[in-house]
Amino acid sequence: MIEVKNLTKRYGDKLAVNDISFTVEKGEILGFLGPNGAGKSTTMNMLTGYISSTSGHILINGKDILEQPKEAKANIGYLPEIPPLYFDMTVDAYLNFMFDLKKCKLPRRAHLEDVCGLCKITDVRKRVIRNLSKGYKQRVGLAQALINNPPVLILDEPTVGLDPNQIIEIRSLIKKLGKKHTVILSSHILPEIQAVCDRIIIINKGTVAADGTADEIAKNITNEHKMTLRIEGETHTSADKEKITSVLRSINGVKYVRADMEREKGIYDYDIETDGKTDVRREINKVCRENDWNIMMLQLSDLTLEDIFLKITMGEHIDLNNEKKEKKPRPRINLVTNNSSEDDASDEKKSEESKPDEAESAGGEK
């Protein structure tokens, strides 16, 4: 339904979008993410034909957005971050105006009633848009995007200004629309993307940094398996914590253990990382039973979409686009190495002293 080929956009010497390619299939809801300045808004503006590309092609339902702009745009319903409303019009007048502007051939009255019903704005159709709340203005903007039942919907921050109940309603509506439409959804509310979208693209520094489901991207980012162990013991002195972490670290498959804060009186959390290949849960139960440590919780701590987004956009050079390419190693400080010379040892000591935060996050491992 949407095909982007080698899309590039320059503003003078600045390269805003750098040779990106992706496709979106019919009936797919795609989450489009990126930090400010990454090229996300520029890409969405090119997808809608609002601005032209420097090079590359965008096909909407087989129509090139530059070569056949009218035919391509006829397939798109667009809700920008700031809805394109005429504040002095009533909702009804505005929607009728958009109906004529899009040259919609559907039965006018029935179609507008359906659209207003979907967006929950039937009760404000006679009101002037200027006097509506921000949430209702957002709904009217969504309604204009739905006029003419376009096969492609591009929604930029569609839930901005909505209350929690309205957000849930719009999420449900987007899911419903995804059964008949191709939807590209951009939002800074990451749980919203994770709840609604079938697939996610993260753009960073003008390139596609990740493309896939949240689980697929997480597996490519790290093969480490994390879990949180919450246990109760008679005491939790420093010596106790050292013993607990030492015992847990001795389990085959455990790579790293860190004592966390007290969650309840006498009950502490321990963060555990495994090699991702060994199921250590039975062994954890065994050693806890042997040491009279009561397990209050043992929970897998898989990466959230927020974790994924931060890892990709905060400079961890991760290549997720081509599985055949050799993955670039993430930069980490070598704290444990087989030094071949005194110079090596000296360099390592300087590195460790100069970057204590990174050393701590590496968990004492390479």
Side-chain angles (χ1 to χ4, degrees), residues 1-9 16-34 38-81 84 102-104 141-142 144-159 170-171 173-188 192-204 206-214 216-217 305 320-322:
M1 183 58 72
I2 300 175
E3 190 172 359
V4 176
K5 301 177 181 177
N6 307 112
L7 192 66
T8 299
K9 179 64 178 179
V17 177
N18 184 13
D19 193 32
I20 68 172
S21 299
F22 62 89
T23 59
V24 191
E25 301 298 331
K26 182 178 180 180
E28 186 173 27
I29 303 177
L30 174 72
F32 200 60
L33 301 176
K40 175 172 59 70
S41 295
T42 300
T43 301
M44 295 188 74
N45 284 333
M46 288 189 287
L47 285 171
T48 58
Y50 183 68
I51 62 174
S52 61
S53 59
T54 303
S55 62
H57 298 278
I58 298 173
L59 302 179
I60 308 293
N61 203 11
K63 308 296 183 181
D64 191 294
I65 196 74
L66 294 181
E67 300 295 331
Q68 301 168 285
K70 288 185 178 180
E71 293 85 350
K73 292 177 185 179
N75 290 285
I76 299 173
Y78 180 38
L79 174 63
E81 185 173 355
K102 295 185 178 185
K103 298 180 180 178
C104 183
L142 181 57
Q144 67 79 26
L146 294 174
I147 288 177
N148 207 26
N149 284 336
V152 175
L153 293 173
I154 299 178
L155 311 177
D156 193 359
E157 301 286 352
T159 58
I170 296 298
R171 285 181 185 175
L173 174 57
I174 292 171
K175 282 187 174 181
K176 184 177 179 181
L177 293 172
K179 296 177 181 179
K180 296 182 179 179
H181 303 258
T182 298
V183 181
I184 295 181
L185 171 63
S186 174
S187 176
H188 285 102
E192 179 173 286
I193 294 290
Q194 196 158 13
V196 173
C197 298
D198 304 314
R199 182 171 137 235
I200 298 163
I201 286 179
I202 300 177
I203 186 169
N204 189 39
T207 63
V208 175
D211 185 349
T213 66
E216 289 170 349
I217 297 171
L305 184 55
L320 300 172
N321 299 318
N322 191 342

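Predicted model only: the values in this text are computed from it and were never measured. Just so you know, residue 1 is the first one in the sequence shown, and it goes up from there.
- Taking CD1 of I154 as the reference point, atom NE2 of H181 lies at 13.5 Å (rounded to 0.5 Å).
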Practice item. Go through the steps to decide whether E192 and T159 satisfy the test side chain to side chain donor-acceptor pair (under 3.5 Å), and finish with yes or no. Key: CA-CA 9 Å; E192 179 173 286; T159 58; 2.7 Å; yes
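- You'll find the side chain of M46 reaches within 4.5 Å of the side chain of K9, heavy atoms only.
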Check your understanding: Under the side-chain contact (heavy atoms from CB on, under 4.5 Å) criterion, do T213 and I217 qualify, and how do the steps go?
Key -> CA-CA 6 Å; T213 66; I217 297 171; over 6 Å; no
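- Put simply, CD on Q194 and CG on L33 are 10.0 Å apart, with the number rounded to the nearest 0.5 Å.
- Listed here is the closest heavy atom pair of A145 and P150: O-CG, 3.3 Å.
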Exercise for review: Start with the C-alpha distance between T182 and E25, add both sets of side-chain angles, then the distance that settles side-chain contact (heavy atoms from CB on, under 4.5 Å), and finish with yes or no.
Suggested key: CA-CA 7 Å; T182 298; E25 301 298 331; over 6 Å; no
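- Among all heavy-atom pairs drawn from K40 and S186, the shortest one is NZ-OG, 3.3 Å.
- T48 pairs by the side chain to side chain donor-acceptor pair (under 3.5 Å) definition with nothing, not counting sequence neighbours.
- Between E28 and K26 there is no salt bridge, since no side-chain N of the basic residue sits under 4.0 Å from a carboxylate O of the acidic one.
- A distance of 8.0 Å separates CD1 in I203 from OG1 in T42, rounded to the nearest 0.5 Å.
- Paired with V4 under the rule side-chain contact (heavy atoms from CB on, under 4.5 Å), one option of L47, I201, I65, T23 passes, and it is L47.
- Residues forming a side-chain contact (heavy atoms from CB on, under 4.5 Å) with P80 (at least two apart in sequence, or on another chain): Y78, P84.
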Tell me which donor-acceptor pairs under 3.5 Å the side chains of residues 52-63 have, and how far apart each pair is, sequence neighbours excluded?
{"from": "T54", "atom 1": "OG1", "to": "R10", "atom 2": "N", "distance (Å)": "2.8"}
{"from": "H57", "atom 1": "ND1", "to": "D64", "atom 2": "OD2", "distance (Å)": "3.2"}
{"from": "N61", "atom 1": "ND2", "to": "N75", "atom 2": "OD1", "distance (Å)": "3.2"}

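- Checked against salt bridge (Lys or Arg N to Asp or Glu O under 4.0 Å), E157 has no partners two or more places apart in sequence or in another chain.
- Taking all atoms of both residues into account, the shortest heavy-atom contact from G34 to H188 is O-NE2, 4.0 Å.
- Judged as a side chain to side chain donor-acceptor pair (under 3.5 Å), and not counting sequence neighbours, the contacts of N6 are D19.
- Remark: R199 CZ to F22 CZ distance equals 8.0 Å, nearest 0.5 Å.
- Between L30 and V183, the closest side-chain pair of non-hydrogen atoms is not below 4.5 Å.
- Taking all atoms of both residues into account, the shortest heavy-atom contact from G39 to V17 is O-CG2, 3.8 Å.
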Practice item. I would like to know whether E81 and M44 meet side-chain contact (heavy atoms from CB on, under 4.5 Å); could you show each step before the answer? Key: CA-CA 11 Å; E81 185 173 355; M44 295 188 74; over 6 Å; no
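- Contact of the L79 side chain with the L153 side chain is not registered, since no non-hydrogen atoms from C-beta on lie closer than 4.5 Å.
- With contacts defined as side-chain heavy-atom distances shorter than 4.5 Å, the pair I2/I184 qualifies.
- Side-chain contact between L185 and F32 is absent, with no heavy atoms from C-beta onward closer than 4.5 Å.
- A search for side-chain contact (heavy atoms from CB on, under 4.5 Å) contacts involving S41 returns nothing, not counting sequence neighbours.
- Of the candidates V196, L155, I193, S187 forms a side-chain contact (heavy atoms from CB on, under 4.5 Å) with just one, namely I193.
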Review point. Checking side-chain contact (heavy atoms from CB on, under 4.5 Å) for the pair Q144/K102: CA distance, chi angles, key distance, verdict?
Key: CA-CA 10 Å; Q144 67 79 26; K102 295 185 178 185; 3.9 Å; yes
